[in-house]
Amino acid sequence: MHQNCSNTFKVEGPHGIPLQIRNRNVAFAAGTGVLPFLDLIKVMLENNQVKFDLHVSFTSEEEAIGLRLLKAAADRLRDQFKLAVRYSD
């Protein structure tokens, strides 16, 4: 990882339409990539019409960012928000 430090990479996006499966939005995130979804949970609490599945991956439970919040939201928003957690260590 990071072996090409002399190169410049341009990251763009998001592009296209959200991934929807059976009228549910589905997203995948890892590590710090989960941070934007923490704000989305607040919107979900205010708007009952959003249905969302989030698949996240962390190196370990100790390294998981916002995991307590995500799990609490999944418990509270059972019909709206589904959470799948994977650890890679």
Quick one: pull up CG in Leu69 and CZ in Arg76 and give me the separation to the nearest 0.5 Å.
10.5 Å
Residues Lys51, Asn25; criterion side chain to side chain contact (heavy atoms under 4.5 Å, CB included); working and verdict:
CA-CA 6 Å; Lys51 293 190 177 181; Asn25 294 294; 5.9 Å; no
Rounded to the nearest 0.5 Å, what separates atom CG in Leu77 from atom CZ in Phe52?
12.0 Å
With sequence neighbours left out, the residues meeting ring pair (Phe, Tyr, Trp, His ring centres under 6.0 Å) with Phe58 are none
Mind checking what makes salt bridge (Lys or Arg N to Asp or Glu O under 4.0 Å) contact with Lys71, not counting sequence neighbours?
Glu61
Would you please name every residue forming a side chain to side chain donor-acceptor pair (under 3.5 Å) with Ser88, sequence neighbours left out?
none
Heavy-atom nearest pair, Leu54 first then Val34, reads CD2-CG2, 4.2 Å
In Å, rounded to the nearest 0.5 Å, how long is the span from CD of Gln80 to CG of Asp53?
11.5 Å
Measuring only between side-chain heavy atoms, which start at C-beta, is Val26 closer than 4.5 Å to His55?
yes
Could you check whether any side-chain N or O of Arg78 sits under 3.5 Å from a backbone N or O of Asp75, counting only pairs where one atom can act as donor and the other as acceptor?
yes
Please step through side chain to side chain contact (heavy atoms under 4.5 Å, CB included) for the pair Leu83 and Val85, ending with a clear verdict.
CA-CA 6 Å; Leu83 176 67; Val85 181; 3.8 Å; yes
Does any pair with a residue in residues 60-89 pass ring-ring contact (aromatic ring centres under 6.0 Å, His included), and if so which ones, sequence neighbours excluded?
none
